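None of the values given here were measured: they were computed from a predicted structure.
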Amino acid sequence: MNEIIHQNIKTNGISMHIAEQGTGPLVVLLHGFPELWYSWRHQITFLANHGYHVVAPDLRGYGDSHSPLSPESYTVMHLVADVIGLLDHFGQQQAFVVGHDWGAVVGWHLCLFRPDRVKGFISLSIPYFPRNPEVKPTEFFRQLFGDWLYISQFQEPGRAERSFARYDYLAVMKKFLLITKTDNVIAPPGMEIIDYLETPSWLPPWITEEELQVYADKFQESGFTGAFNYYRAMDLNWELTAPWQGSKIMVPTKILLGDKDIGVEVNGTRQYVEGETLRSFVPNLEVVILDGHHFIQEEKHQQVSQEILSFIHEVSAD
């Protein structure tokens, strides 16, 4: 099997870095916050070895991809168009798509806007949440959690950048990628979220110091503003997606959710993904609950890889 190949492609007016391996049907892997293509390193090689052309980009604002300055350049319209441009670059009408965290948000909206381009979609950690026509996302979060939820703290340009800068990049990576909190990520009043999160003194068996350093080095080059801009565009997303109010997602879909992911129990996420409300919007849905936390594609990479492969086989057989 060939090694992972790196290149930058032009898509939707930006330069996007991609990692790719293998030949066969196209599988696109979309990372979340605060990650890179590298978070899919296990799945890339696994799926390539099973006969697929696997492509994992650095999403806009991350790693070696272009990072526009304005939050207005990070709407789901932009992000979905980036993926469409990636498919067009490879001359593929359709692909299997896998998304984690913000990558899952992009994947859900890809299925919503352009179902003709998606053979099947797997969402890790983030189920589909229909648009609430009554309230903007940031207002909703502030009503529930005040100003201390991480999403709220990321809204003001420069605020999170200044607080993150008090730590070295490796410490920031450890605070987020090794998180084991199961309740919501909310700082006590008067405290910044990065100060509230603990820096673990030991590493779990699924990641090494060297692997964490890969993330740290890239974020030291790029900074975090591009990543924060996803959160700063949430209200604009709400405005732009109004025409899809009440729309269903008909693409074959699978959700992989760690039973100890953030908010799974306290927010009722598990009940939601296993109940009928979600299926009224995503009727062609399979749900698998795994033993794990938020960064499940790394922590339980063998299980996740197998779940992705089995789903691809099921959809391909239909």
Side-chain angles (χ1 to χ4, degrees), residues 30-35 59-62 67 70-79 99-109 123-167 172-173 175-198 219 223-241 257-258 260-269 272-273 293-295:
L30 306 174
H31 69 79
F33 173 89
E35 298 175 277
L59 298 184
R60 69 164 57 203
Y62 283 89
S67 185
S70 172
E72 294 180 357
S73 294
Y74 290 82
T75 71
V76 287
M77 301 295 182
H78 293 85
L79 303 170
H100 172 251
D101 188 81
W102 266 106
V105 176
V106 177
W108 285 118
H109 285 88
S123 172
L124 276 61
S125 302
I126 305 294
Y128 178 66
F129 292 106
R131 179 182 180 275
N132 181 345
E134 304 300 326
V135 61
K136 293 182 178 181
T138 61
E139 294 172 10
F140 173 76
F141 290 127
R142 284 202 169 93
Q143 288 171 10
L144 284 180
F145 307 115
D147 188 42
W148 312 112
L149 181 73
Y150 73 101
I151 293 171
S152 301
Q153 291 198 3
F154 289 174
Q155 294 302 311
E156 178 189 335
R159 176 181 176 177
E161 285 91 335
R162 288 189 297 272
S163 65
F164 277 45
R166 294 198 293 270
Y167 296 88
V172 173
M173 290 298 105
K175 282 172 176 280
F176 278 98
L177 297 182
L178 306 183
I179 196 167
T180 56
K181 287 177 63 63
T182 56
D183 53 355
N184 292 303
V185 184
I186 305 171
M191 182 179 284
E192 295 299 303
I193 204 73
I194 196 69
D195 298 326
Y196 171 62
L197 293 175
E198 297 176 354
F219 279 102
F224 290 100
T225 297
F228 294 145
N229 280 342
Y230 284 62
Y231 297 92
R232 294 167 184 163
M234 290 175 82
D235 284 350
L236 185 53
N237 286 337
W238 181 85
E239 295 178 17
L240 294 173
T241 55
L257 186 66
K260 291 179 279 294
D261 201 341
I262 299 159
V264 163
E265 296 299 339
V266 296
N267 293 340
T269 306
Y272 174 65
V273 300
H293 297 84
H294 184 64
F295 297 95

With K260 via side chain to side chain contact (heavy atoms under 4.5 Å, CB included) - residues at least two apart: T182, D291, H293
Residues that H294 engages under ring pair (Phe, Tyr, Trp, His ring centres under 6.0 Å), provided they are two or more places apart: H100
Test log, rule side-chain contact (heavy atoms from CB on, under 4.5 Å), inputs V172 and F224: CA-CA 11 Å; V172 173; F224 290 100; 3.7 Å; yes
Worked check of side-chain contact (heavy atoms from CB on, under 4.5 Å) between R232 and T225: CA-CA 10 Å; R232 294 167 184 163; T225 297; 4.1 Å; yes
Nearest-0.5 Å distance, CE of residue M191 to CD of residue Q153: 10.0 Å
From CG (L79) to OH (Y230), nearest 0.5 Å: 5.0 Å
Smallest separation among heavy atoms of W148 and G190, with atom names: CH2-N, 3.2 Å
With sequence neighbours excluded, residues passing side-chain hydrogen bond (donor to acceptor under 3.5 Å, both in side chains) with S67: Y74
With S152 via side chain to side chain contact (heavy atoms under 4.5 Å, CB included) - residues at least two apart: F141, R142, D147, L149
Nearest-0.5 Å distance that lies between atom CG in D101 and atom CG in L124: 10.0 Å
Sidechain-backbone polar pair: R166 side chain, I194 backbone, donor-acceptor under 3.5 Å: no
Value rounded to 0.5 Å, distance of OH in Y62 from NE2 in H31: 6.5 Å
Close aromatic pair by centroid cut-off 6.0 Å: F164 and F228: yes
Side chains of L240 and V76 in contact at under 4.5 Å (non-hydrogen atoms): no
Which atom of P137 lies closest to which atom of D235, heavy atoms considered: CD-OD1, 3.2 Å
CD (E161) with more than 12 external heavy atoms under 6.0 Å: yes
Contact list for residues 129-140, test salt bridge (charged side-chain N to carboxylate O under 4.0 Å, His left out), sequence neighbours left out: K136-E239
N229 side chain reached by S70 side chain, heavy atoms, under 4.5 Å: no
Closest non-hydrogen atom pair, E35 against F219: O-CZ, 3.7 Å
Ring pair (Phe, Tyr, Trp, His ring centres under 6.0 Å) partners of H78, counting only residues at least two apart: none
Proximity of F154 and F33 rings by center, below 6.0 Å: yes
Set of residues satisfying side-chain hydrogen bond (donor to acceptor under 3.5 Å, both in side chains) with respect to Y150, sequence neighbours excluded: none
All ring pair (Phe, Tyr, Trp, His ring centres under 6.0 Å) counterparts of F129, not counting sequence neighbours: Y272
Distance, nearest 0.5 Å, that separates CG of L59 from CG of L30: 5.5 Å
Those residues that, when tested against F140, pass side chain to side chain contact (heavy atoms under 4.5 Å, CB included) (two or more places apart): V135, L144
Nearest atoms (heavy-atom pairs only) where I126 meets A104: CB-CB, 3.9 Å
W108 vs S123 side-chain heavy atoms within contact, under 4.5 Å: yes
Least distance between heavy atoms, L177 atom then P34 atom: CD2-O, 4.1 Å
Spacing of T138 atom OG1 and L236 atom CG [to the nearest 0.5 Å]: 11.5 Å
R162: partners by side-chain hydrogen bond (donor to acceptor under 3.5 Å, both in side chains), with sequence neighbours left out: none
Qualifying residues under side-chain hydrogen bond (donor to acceptor under 3.5 Å, both in side chains), relative to T241, sequence neighbours excluded: none
Close side-chain approach of V105 and W102, heavy atoms under 4.5 Å: yes
Test item: T269 and D261 side chains (from C-beta on) under 4.5 Å apart, heavy atoms: no
Summary of salt bridge (charged side-chain N to carboxylate O under 4.0 Å, His left out) pairs that have at least one residue in residues 182-193, sequence neighbours excluded: R159-E192, K181-D183
